[in-house]
Amino acid sequence: MEDEDVVVSMPRAGFTPGHVVIRPAGNFLIVEETPQEVFEKMWMLGNRLCGVLFEAFECDGTNLLIQNGVAAGQVDETVILHVIPRYENDGLSFAWDATEVDDRSLDAVQQRFRQTEEMQRERVKKQERKQRLEEPQKKQKTTSSKTYAEQFKRGY
Amino acid sequence: MSEESIFHQIAQGDIPSKKVYENEEFTAVLDKRPAREGHVIVLPKQPAQVSAQYNGKMCKDLSKALKKVSEKILQSLDAEGTTIFTANGGAAGQRAPYSIFHVIPRKESDDLQLQPVPTEMDEAKHEAAKKRLRGALGMQAPERETEAEPEFDVGYAEGRRFNF
């Protein structure tokens, strides 16, 4: 009842009738741990199931939801994509209070994203540099372990 | 200007916005009316009313965008988790006929009401619902003995009905 990457099921306790959940077949706790090809498949299915539920359950709409992390309401041990059929007056609500913010505070957030990117680029560069420096040493190491093996073979 | 065409222009880069990520099919920008600081919206570059209309390439790029944005939020901001969310249709809370995805930074202490409470269906209703979905997917009922197993064979269903 699953393919090698994802499992689709209908929990008995759902948010609304027809609620379907998609989870990876492997054990991945959050989105960030889920391999891209598995995550992709989850969304491919999620989006298509929206159309299927629309016909099969005659719902008036659907929500797609991932509660990524305990702070976001995650209760399961794996990442889950919820496909939730919605009906007029079903009592469910995902609304939030939104207040318009000024450009300055948006700029500040954008700046923080950029700083992380910059740090990551630096880290990659550093790693590459380190690798380049370590390469000749590695070669030496192989020779020495080879020598050791030869000595060992000779019954040293 | 209608809201849908505003979203389209943001996605295309025709109106200035605070972009945080972009790939071939999607643009991610900071929401001007955030639920919490760092709230990002992910918009398709080609207009779509609901996410059920996305083609394969769009689903692929959507998943890339959502993963990247969520990761960036966790790395850059004071967030302990993210809520990834979309609404298809007015009954689901969609406000403009342009499909958008939300990635919202979360903290355990925040007071966002995004945690619905599940209700237990009775056995007969649950069986009927599963049957209905299997029918819609063009699938056979599973063998009785596999009771504890999940309900659908995705691989099998894919070839039959998952192409619209």
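Lettering of chains follows the sequences in order, A, B, ..., and the numbering in each one begins at 1.
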Which atoms of [X] approach chain A - backbone, side chain, both or neither, heavy atom under 4.5 Å:
X: B:D31; result: backbone
X: B:K107; result: backbone
X: B:V20; result: both
X: B:L62; result: side chain
X: B:K64; result: both
X: B:I104; result: side chain
X: B:E123; result: both
X: B:Y21; result: neither
X: B:L112; result: side chain

Non-hydrogen side-chain atoms of [X] and [Y] separated by less than 4.5 Å:
X: A:T99; Y: B:R33; value: no
X: A:F15; Y: B:T119; value: no
X: B:M58; Y: A:W43; value: no

Nearest 0.5 Å please: distance from the [atom1] atom of [X] over to the [atom2] atom of [Y].
X: B:S63; Y: A:E37; atom1: OG; atom2: CD; value: 10.0 Å
X: B:S76; Y: A:R114; atom1: OG; atom2: CZ; value: 12.0 Å
X: A:N68; Y: B:E80; atom1: CG; atom2: CD; value: 12.5 Å
X: A:L64; Y: B:N88; atom1: CG; atom2: CG; value: 6.0 Å
X: B:T82; Y: A:I30; atom1: OG1; atom2: CD1; value: 8.0 Å
X: B:M121; Y: A:R12; atom1: CE; atom2: CZ; value: 8.5 Å

Q | A:L65: which of B:T86, B:I84, B:T83 passes side-chain contact (heavy atoms from CB on, under 4.5 Å) | A |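 Result for side-chain contact (heavy atoms from CB on, under 4.5 Å) with A:L65: B:T83.
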Answer with side chain, backbone, both or neither: which region of [X] has an atom nearer than 4.5 Å to a non-hydrogen atom of chain B?
X: A:D103; value: both
X: A:L53; value: side chain
X: A:E117; value: side chain
X: A:T16; value: neither
X: A:D97; value: backbone
X: A:F54; value: neither

(Q) Run A:E32 and B:S70 through side chain to side chain donor-acceptor pair (under 3.5 Å) and show every step you take. (A) CA-CA 8 Å; A:E32 284 68 19; B:S70 172; 2.5 Å; yes
Count the heavy-atom pairs under 4.5 Å between each of [options] and chain A, then report the option with the highest count.
options: B:A91, B:G81, B:G38, B:P105; value: B:A91
options: B:K19, B:K68, B:K72; value: B:K72
options: B:E108, B:K67, B:Q113; value: B:K67
options: B:V103, B:V40, B:L66, B:V50; value: B:L66

Q. Could you walk me through whether B:K32 and A:L106 pass the side chain to side chain contact (heavy atoms under 4.5 Å, CB included) check?
A. CA-CA 8 Å; B:K32 277 194 164 185; A:L106 291 179; 3.9 Å; yes
Q: Report the relative orientation of the aromatic rings in A:F94 and B:F85; use parallel for angles under 30°, tilted for 30 to 60°, perpendicular for over 60°.
A: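 Rings of A:F94 and B:F85: tilted, 30 to 60°.
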Q: For the pair B:H126 (side chain) and A:M10 (backbone), establish whether a donor and an acceptor sit closer than 3.5 Å, ignoring hydrogens and angles.
A: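 Side chain of B:H126 to backbone of A:M10: a pair is present.
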Q: Specify the closest pair of heavy atoms between A:Q67 and B:P116, including all atoms of both residues, with the distance to one decimal.
A: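 Minimum heavy-atom separation between A:Q67 and B:P116: NE2-CD, 4.3 Å.
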Q. Considering all heavy atoms of both residues, which atom of B:A92 and which atom of A:T62 are nearest to each other, and what is their separation?
A.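 Looking at all heavy atoms of both residues, the shortest contact is CB-O, 3.3 Å.
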Q) Taking a hydrophobic cluster as the set of Ile, Leu, Val, Met, Phe, Trp and Tyr residues connected by side-chain heavy atoms closer than 4.5 Å, whether directly or through intermediates, do A:V83 and A:V38 fall within one such cluster? A)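 As far as the 4.5 Å side-chain criterion goes, A:V38 and A:V83 are connected within one cluster.
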Q. Are the charged groups of B:E37 and A:R112 less than 4.0 angstrom apart, N to O?
A.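 Yes, B:E37 and A:R112 are salt-bridged.
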